[in-house]
Amino acid sequence: MKRNLNHFSTLLFALFSGLIFGIGLILAGMANPAKVLAFLDLAGLWDPSLGLVMGGAIAVGLIAFTLAKKRTKSFLGLPMNLPTSRIIDKRLIIGSLIFGIGWGLVGICPAPAFVLLGTGSLKGIVFLVAMLIGMAIFEYFDARNK
Amino acid sequence: MTIDWLNFTPWSALAGGVLIGVSAALFILLNGRIAGITGIIGGLFKPTKNDIGWRVAFTLGLIIAPLVWQGFQPLPSINIDANFTMLIIAGLIVGFAARYGSGCTSGHGVCGIARLSPRSIVATLAFMCTGFLTVFIIRHLLGA
């Protein structure tokens, strides 16, 4: 019974975290690809908003992760899954460079893609499906190289 | 550089950012997980027992956010100028590369930098650079 209750609260807080994340994106204007592109357009009429979104999020995150690093278990008693890798390899750099190209083409990254699904935007859904296929292609090659 | 003062929304950007930070804080402190969408979705491609529910729940939260929002007020405007071909190309690139580089704007850009992870700082600098460059090429060199 206690186990089930724990499992239920895990799911509930995950849902709640996702919801707050999505509300934050909408409030910040980051569910609007045109506003994201306006940040990336340094040479045009520049909208610095995305910088403040990241600044606000990182400021809160700094406090949370400082606390998280000192703990071995979460407040729900779950293991702390903090990434441990510190290796800066070609894969990280090349992957991120290419990611930026895709992001700059239309102004949508993974989290807003799911928010766009909820708005019912057809263009957003087309992007999301293509993104999931892109991830599936990665899984295919990743499994073959092992 | 000319700042677009008409469309610059410092307060809602900051407030939205704080909410995203609160979400990442709750997720690590309660669930012990990083709020990185790429990693959360990526894990669903090779599902293991007891590792599916929380991923689906977080994603569902993102999807219902606009529906909950609309319960209180109309959604702000959403403009996607790109055509369908471009959306498909960009989607494929974003999906593949986010997994290849082990993260995206949420995992590296927000959580990673907040963890002071050198990997995420490098990743964020990398995708910001090519993001700026891509928009520069499309809008100012190709004039689209």
Side-chain angles (χ1 to χ4, degrees), chain A residues 11 13-15 17-24 26-28 32-34 40-41 43 45 47 49 52-53 56-58 60-62 64-65 68 74-76 78 80-81 88 95-106 109-111 114 117-119 123 126-127 130-131 134-135 138-139, chain B residues 3-4 7-9 13-14 16-21 23-30 32-33 37-38 45 53-54 57-58 61-63 65-66 69 78-80 82 87-88 90-101 104-106 110 113-115 122-123 126-127 130-131 134-135 140:
Chain A
L11 293 184
F13 281 115
L15 179 77
S17 297
L19 177 63
I20 298 291
F21 201 110
I23 297 283
I26 297 169
L27 177 62
N32 180 11
L40 293 176
D41 190 7
L45 264 181
D47 178 353
S49 301
L52 287 179
V53 179
I58 290 167
V60 177
L62 268 172
F65 284 105
S74 79
F75 287 104
L76 289 179
L78 296 161
M80 275 289 175
N81 285 288
I88 295 170
S96 301
L97 287 172
I98 300 172
F99 171 78
I101 296 173
W103 187 39
L105 283 177
V106 296
C109 54
F114 284 99
L117 167 65
T119 69
K123 284 186 168 182
V126 168
F127 177 91
M131 183 182 93
M135 288 182 169
F138 166 82
E139 294 298 335
Chain B
I3 292 183
D4 185 357
N7 290 308
F8 180 34
T9 49
L14 205 56
V18 166
L19 276 185
I20 293 169
S23 159
L26 287 174
F27 209 40
I28 190 66
L29 292 173
L30 295 174
R33 295 281 177 179
I37 315 307
T38 299
F45 283 88
W54 67 273
F58 187 93
L62 281 177
I63 298 169
W69 179 284
I78 289 168
N79 297 306
I80 307 177
L87 284 163
I88 291 168
L92 288 170
I93 294 175
V94 164
F96 183 90
R99 288 290 287 136
Y100 191 69
C104 57
T105 339
S106 54
V110 173
I113 293 185
R115 287 190 297 118
V122 168
F127 66 66
T130 46
T134 304
V135 173
H140 303 284

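By convention in this document, chain letters (A, B, ...) are assigned in the order of the sequence lines, proteins followed by strands, and residues within each chain are numbered from 1.
Between chain B and the residues Gly102(A), Ala57(A), Gly22(A), the most heavy-atom pairs under 4.5 angstrom are made by Ala57(A). With chain B as partner, the option from Ile58(A), Ile26(A), Thr119(A) having the largest number of non-hydrogen pairs under 4.5 angstrom is Ile26(A). Chosen from Asn81(A), Leu11(A), Val126(A), Ile20(A), the residue pairing most often with chain B at heavy-atom distances under 4.5 Å is Asn81(A). Counting heavy-atom pairs under 4.5 Å between each of Leu19(B), Leu29(B), Thr9(B) and chain A puts Leu29(B) at the top. Comparing Ile113(B), Leu30(B), Thr105(B) by heavy-atom pairs within less than 4.5 Å of chain A, the highest count is held by Leu30(B). Note on Gly61(A), Ala28(A), Ala68(A): by heavy-atom pairs under 4.5 Å with chain B, the leading option is Ala28(A). Most heavy-atom pairs under 4.5 Å with chain A: of the set Ser106(B), Ala25(B), Cys104(B), this distinction falls to Cys104(B). For the set Cys109(A), Ala64(A), Gly134(A), the entry with the most heavy-atom pairs within less than 4.5 Å of chain B is Gly134(A). Interface remark: of the candidates Gly104(A), Ala43(A), Ser96(A), Ser96(A) forms the most heavy-atom pairs closer than 4.5 Å to chain B. Heavy-atom pairs under 4.5 Å with chain A peak, among Val110(B), Ile63(B), Ile93(B), Ile88(B), at Ile63(B).
Phe58(B) and Phe27(B) have tilted rings, their planes meeting at an angle from 30° to 60° on a 0 to 90° scale.
In this structure, CD in Glu139(A) is found 10.0 Å from CZ in Phe96(B), a value given to the nearest 0.5 Å. Atoms OG1 and CG, from Thr134(B) and Leu105(A) in turn, are 6.0 Å apart once rounded to the nearest 0.5 Å. Atom-to-atom distance recorded for Thr38(B):OG1 and Met131(A):CE is 7.0 Å, nearest 0.5 angstrom.
Scored by the side chain to side chain contact (heavy atoms under 4.5 Å, CB included) test, Leu52(A) finds Phe8(B), Pro10(B), Ala13(B), Leu14(B) as partners (sequence neighbours excluded).
Listed for the Lys123(A) side chain is no donor-acceptor partner under 3.5 Å among the backbone atoms of Leu87(B). Side-chain N or O atoms of Ser23(B) include none that pairs as donor or acceptor with a backbone N or O of Gly18(A) at under 3.5 Å.
Using a 4.5 Å cut-off between heavy atoms, Val122(B) touches chain A through its side chain atoms alone.
The two residues Phe65(A) and Ala114(B) have their closest heavy-atom pair at CD1-CB, 3.7 Å.
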